[in-house]
Amino acid sequence: MTVERTYLEAIRDAMAEEMARDENVFIMGEDIGAFGGAFKVTDGLQAQFGESRVIDTPISEAGIVGAAAGAAHMGMRPIVELQFIDFISCAYDMLTNYVATARYRAFLPCPMVVRGPSGGYVRGGPFHSQNPEAAFLHTPGLKIVYPSTAADAKGLMKAAIRDEDCVLFFEHKYLYRRVKEVMPEGDHVVPIGKARIAREGTDVSIITYAATVWRALEAAEQLAAEGISVEVLDLRSLLPMDDEAIQATVRKTNRLLIVHEDTRTGGIAGEITARVSETCFEWLDAPILRVTAADVPLPYSPPLEDYVLPQTSDIVRAVRRLVAY
Amino acid sequence: MTVERTYLEAIRDAMAEEMARDENVFIMGEDIGAFGGAFKVTDGLQAQFGESRVIDTPISEAGIVGAAAGAAHMGMRPIVELQFIDFISCAYDMLTNYVATARYRAFLPCPMVVRGPSGGYVRGGPFHSQNPEAAFLHTPGLKIVYPSTAADAKGLMKAAIRDEDCVLFFEHKYLYRRVKEVMPEGDHVVPIGKARIAREGTDVSIITYAATVWRALEAAEQLAAEGISVEVLDLRSLLPMDDEAIQATVRKTNRLLIVHEDTRTGGIAGEITARVSETCFEWLDAPILRVTAADVPLPYSPPLEDYVLPQTSDIVRAVRRLVAY
Amino acid sequence: MARAGTSPARSKATSVAKSSRPSDALSREQRLSLYRYMRLTRVLEERLVALYRQTKVVGGLFRSLGQEADAVGSAFALEQRDVLSPLIRNLGAMLVKGATPLEVLRQYMAKGDSPTRGRELNIHFGDTEKRNFIGQISHLGDMVPVMAGVTLSFKMRGEDRVGLVYIGDGATSTGAFHEGINFAGVQRCPLVVIVENNGYAYSTPTHKQTAAKQFVDKAIGYGIAGVQADGNDVLAVYDVTKEAVDRARRGEGVTLVELMTYRRKGHAEHDNQSYQPPSEIEKWALENDPIDRFVKVLREQHQVTDEEFASIEAEIVALIDTATDEAEASPMPEPTDALVGVYADPAVIPPLWFRESVRSAVDSNERPASWGTYDG
Amino acid sequence: MARAGTSPARSKATSVAKSSRPSDALSREQRLSLYRYMRLTRVLEERLVALYRQTKVVGGLFRSLGQEADAVGSAFALEQRDVLSPLIRNLGAMLVKGATPLEVLRQYMAKGDSPTRGRELNIHFGDTEKRNFIGQISHLGDMVPVMAGVTLSFKMRGEDRVGLVYIGDGATSTGAFHEGINFAGVQRCPLVVIVENNGYAYSTPTHKQTAAKQFVDKAIGYGIAGVQADGNDVLAVYDVTKEAVDRARRGEGVTLVELMTYRRKGHAEHDNQSYQPPSEIEKWALENDPIDRFVKVLREQHQVTDEEFASIEAEIVALIDTATDEAEASPMPEPTDALVGVYADPAVIPPLWFRESVRSAVDSNERPASWGTYDG
Ligand SMILES: Cc1ncc(C[n+]2csc(CCOP(=O)(O)OP(=O)(O)O)c2C)c(N)n1
Ligand SMILES: Cc1ncc(C[n+]2csc(CCOP(=O)(O)OP(=O)(O)O)c2C)c(N)n1
Ligand SMILES: [Mg+2]
Ligand SMILES: [Mg+2]
């Protein structure tokens, strides 16, 4: 197959392949059946796999996530679609208290995937643009992935479905139809917990994930013209985090910029900084810097949203400062 | 008044004084009325202020927090007691999406306090020992305080009740009856956003908050005997954070250990590390280290809980390592 | 689930005695006002559709076509001091409460002088200073606990005020709805909860939302009054809401009002309604349009003339024309306004160091070619 | 709210025809088994009280005194393959499902060989491999959605299995209860939801929990069957649960069963019950103890003799004595076991570098004097 698949199609393909492979895999969510979901990620799946494996649910995020956990205990492998990831907040208790602890406190397996459209740059306003990954980072028992490419979206989805624990699968809605590529052949599985070098470089490292990987690559391209060689590390998995890859790039370039779309305070950049500070202190030739969203609820109007979210020019400016340090 | 008041009594006193001062202040929560709450923090308040100002509610954390917001919009100043802070997860959506954004997106004032017994060291198991502060750190619009002393508990509670925005007030249940002191005279208000130097020192800084302040002080005492001078900064407020005080202590000692009771990954130490790395890189003579809980749901049995939570000896060991660096 | 073209106005728990309906007290002028608000809603939404097609609306557009009676008739039962909490399909209720077409247009166009200064979208805005309606958030159900608290404060202060909150058939499945209505029930808050049963939640028909036969059946489980009415009969809506409002005002607590109606457009403008049988939509449009039905009543019972209808129409169109011009001329927000007002103190967040020049950043990064093609 | 000493077994939606009750089919041996489980529950809890006073129990102790019939009678209606989700006052149900006193004692003493290896407290444990009951979490309401999912999986796989979940009167106020029961209702999951109405949630009486007159009234709002019974009559409990289980097994969906009972002890052992009128407690103890009531039935209708009762008692005491000795002799967990099993992969978390010697850290830091005096 040499046709290109979008990020969105790649996710759908992964689910379809896994559902065909394992009859325990099923999907639940709001409007995901005949309608195919608000973004059409599950389009056609109910026609292919039937109403009992692609289930339209009531508007009950906690209920759906809890039900997924119960089914998972019994050997099923549920995938939950949240119509927008912003509604994961309604299932926060169920995920962090029930699901995340099930194996540890009760030896209950809880293999399930919770997925949904995340992120901004689409004029979605404060409740249709969120990046809630940091809220789950301090919950042992969960795994978190957030792909930036179509191939990773597919490979990580397959890994998430096969994982024995709960994986929060964040999908960036800005990338749904904007990025596409020819899929790797065969049973393409990307292991959870492994980062990806999106661009090699020698002067400065940028660690990032999801939509801002593309912003970082754009910045790297612009900076190359100035003679600055930037390495871009796409984390792909946020929990567990690929410490080896993080350390390798920092020890190689000695300068680190962390970029994420979430708000600055309490965002995941903090955790990365702490890990790097602990393990690579001697290798650092400059402070670790962060380019992130400003600390406000994400506003809707384009000039406001653009001002709040990280832009390519911000990254360029931050890298220049690191190099000049 | 030269009688000592416990941390718990200090919180009660603060609420009582504010309720007497401002008739808009009222309290809602489960079993807080005649019964006085699971920990007796509101003991006597219903007798003093009546049933309409100390309200027993159904078991509905989202409902109570949402109702508090609505009343706050109308000019009331609600205080919500969560029976254990672990149940704040059930109000996660309401707090992060509704309450935190109210002023920004709709110019709706939301002056309210959400408080509850937090933290471990009491054999409470995974659901009665949590430190959920990190989950709220990346939510602009909320404020977070977590006192370690009785006087601060009182002064911060008064500040929280008077604040024009929502303050999450974490109370460490291990400290409720274990720490006490004579209260400062008069209308004792501790400003939100200001840290406190709990012990001055010159060799190493420990930044911490809540129960581990006492562990840090114990460690400092032990280390003093070895000739190591430790400065302990008690953050008191986590959001906003006192950057000035953080920078001052790091620039003074050039070595930083961050201690918190929450799990390591995704805990607040990450954010502190990032801020210090950005602003004090040149002043650092050693890596920033963290002493935290291990990344597991907090287990119940004493040997397990003690193994998972940070202990004084851990802090001693970490400081020694920083000094030896 | 095929729905009947008309829904009988069944009422439970309390019954609307036909002999003396609250709406009997409405003057001819008030009735014309009800009509005007319904038309204003519809014409304004139609204008928004036109602007949407011209890509002047930023983001999605939500219609209440065929549900105007439910929003307008219910809000009309409130006094100005009463607080209303609207949802996305309650534009009509907001207009009754005093929201202006200009505000709505600016809001949909993301303008800097919109009621939320461009921070929130569509009709997510409010005014608790004068007109007393509250800006909703997207998370369904959350407004119910909030309104429980709003009305609790009325009770605590002995204020003669009532609250009204809407909830969709779909949103009744949320935990927030349950916690809020139960809380209000226990506290006997002066609150009216209107379940707008329009047959669908996005693509999900009611029978996939709940096994309950009707939403009014939920009232007894909360120990509150419950009543059901024809949501497309504006006077019936007014009647049941007014009775519920009066009950609340008398200190008799919460009423759940189920209004039977139908969503004739998609969930939002981009939704092709593939899941709604076309015949079903058509039947409701032909036989049960709330405006058509009320026109008939006005003509037959109140002798309203063509001239009168035409003059109302002219006034509405002129109002919306002017508002459209004004809204289009409104400026977009200043980027740095994004940093203002997260907290009362500090009132402004300091800008991030790496953001030197906003406009240039925006200009040079908006949809760059390297991000791939965007197909919609 | 003073509660009557006896609650009439009203039943709604379905009625238990007195002529043929499911319990008619119970053998004499099975009836003695019901009795034994109730006594086992009570004697085991009494043993726990003794151990609690000796400070051998780590943490709180929760009693089901006076509610044994509700737990035992309902669980008895399940087959082994059916899955039960107990709460803190359902020790009896867990024993019926096969939990052993030894497990319970080890669990309460935080031992390393307890069913959760010391990770969770009291009766928060389960076994989904053989005995089919699920370990609860503290967050009230959450088990309802979980059991909706457990039973959904039975339906999806065509398995002939049923689920049973308990919910307290207080916990019905949670959003999770609402979302879970509504979901199960729509999916017609083979699930029985038992509302244990024991009059209080901690200190909160039922009328502050909900304005509903009775919890069975909530059933119609979910479109499910609802039935109410005397929770202190073990056979009545068995009857209504068995009928609900059979209904679920036939594919007829969810039943809400309200069992009327009374919490004769405090919320937990340390709670002095100041909010419960002593006369109320006494009345229930004297007139409506579920074991006393059943003893009467067994004596009068089944001619159970003093000797038989005594021999059951002796067996129970011996069992618990042995279990107590064994549990006391059990080791505490190894500290490093805390790092095992958060994930399937990685199975073990690496230890934190600063933790060299665990025991010494624990020893030297447990309640140091500098932390102030601890009065409780
Ligand atoms: C908690 C939550 N989950 C999901 C959504 C996404 N969503 C927005 S509107 C909608 C359907 C609402 O249906 P209903 O309540 O019947 O209102 P209607 O649109 O019919 O007026 C959904 C699922 C949401 N806004 N909030
Ligand atoms: C979500 C949540 N909120 C609060 C609590 C604290 N809590 C534990 S038990 C309890 C009372 C429960 O009452 P009820 O449901 O009637 O059960 P009972 O104890 O009477 O059996 C409360 C408030 C909790 N466990 N979970
Ligand atoms: Mg609807
Ligand atoms: Mg109870």
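Residues C:Arg119 and A:Pro126 come closest through the heavy atom pair O-CD, 3.5 Å. Here the shortest heavy-atom pairing between C:Ala338 and A:Val308 reads CB-CG2, 3.6 Å. What you find for C:Arg355 and A:Arg317 is that their closest heavy atoms are CA-NH1, 3.9 Å.
When heavy atoms are compared at a cutoff of 4.5 Å, A:Leu309 approaches chain C solely by way of its backbone atoms N, CA, C and O. Of the two parts of A:Arg290, only the backbone, made up of N, CA, C and O, holds a non-hydrogen atom closer than 4.5 Å to a non-hydrogen atom of chain C. Looking at C:Asp271, the atoms closer than 4.5 Å to chain A (heavy atoms on both sides) all sit in the side chain, from C-beta outward. With a threshold of 4.5 angstrom between heavy atoms, C:Ile137 approaches chain A through its backbone and through its side chain. Looking at C:Val58, both its backbone and its side chain come within 4.5 Å of chain A, counting heavy atoms on both sides. At a 4.5 Å heavy-atom cutoff, the contact between A:Ala318 and chain C is made by backbone and side-chain atoms alike. Proximity to chain A (any heavy atom under 4.5 Å) is restricted, for C:Leu140, to the side chain, taken from C-beta onward. For A:Ala294, the parts lying under 4.5 angstrom from a heavy atom of chain C are both the backbone and the side chain. For C:Gln273, no part lies near chain A; criterion is any non-hydrogen pair under 4.5 Å. Proximity to chain C is limited to the backbone of A:Ala293, based on heavy atoms less than 4.5 angstrom apart.
Between chain A and the options C:Thr210, C:Val342, C:Asn272, heavy-atom pairs under 4.5 Å are most frequent for C:Val342. Between chain C and the options A:Val316, A:Ile315, A:Thr292, A:Leu298, the largest number of non-hydrogen pairs under 4.5 Å is found for A:Thr292. Contacts with chain C were tallied for A:Ser60, A:Ser89, A:Gly125; A:Ser60 has the most, counting heavy-atom pairs under 4.5 Å.
Listed in order of number, the residues of residues 169-178 of chain C that approach chain A to under 4.5 Å between heavy atoms are C:Gly170, C:Ala171, C:Ser173, C:Thr174.
Annotation: side chain of A:His128 is in contact with side chain of C:Ser138 (closest heavy-atom distance under 4.5 Å). Within the 4.5 Å cutoff, the side chain of A:Ser301 has no heavy atoms near those of the C:Lys111 side chain. In this structure, the side chains of C:Asp337 and A:Tyr307 stay at 4.5 Å or more apart for every pair of heavy atoms. Side-chain contact between C:Lys208 and A:Pro58 is absent, with no heavy atoms from C-beta onward closer than 4.5 Å. The shortest distance between side-chain heavy atoms of C:Tyr202 and A:Gln83 falls below 4.5 Å.
Below 30°, between 30° and 60°, or above 60°: for C:His124 and A:Phe127 the angle between ring planes is between 30° and 60°, a tilted geometry.
Put simply, the side chain of C:His267 never gets that close to the backbone of A:Ala38: no donor and acceptor are under 3.5 Å apart.
In this structure, OH on C:Tyr200 lies 12.5 Å from CZ on A:Phe35, to the nearest 0.5 angstrom. C:Met332 contributes atom CE, which lies 8.0 Å from atom CG of A:Leu304 (distance to the nearest 0.5 angstrom). Rounded to the nearest 0.5 angstrom, C:Leu352 CG and A:Asp295 CG are separated by 7.0 Å. In this structure, CZ in A:Arg320 is found 14.5 Å from CZ in C:Phe354, a value given to the nearest 0.5 Å. Note: C:Gln209 CD to A:Thr57 OG1 = 7.5 Å, rounded to the nearest 0.5 Å.
Looking at A:Asp31 and C:Thr204, their side chains do bring a donor and an acceptor atom within 3.5 Å of each other.
Cation-pi geometry between A:Arg321 and C:Trp353 is met: the NZ or CZ atom falls under 6.0 Å from the ring centre, inside 45° of the normal.
Crowding of A:Glu226 atom CD: a count of heavy atoms from other residues, nucleotides or ligands under 6.0 Å exceeding 12.
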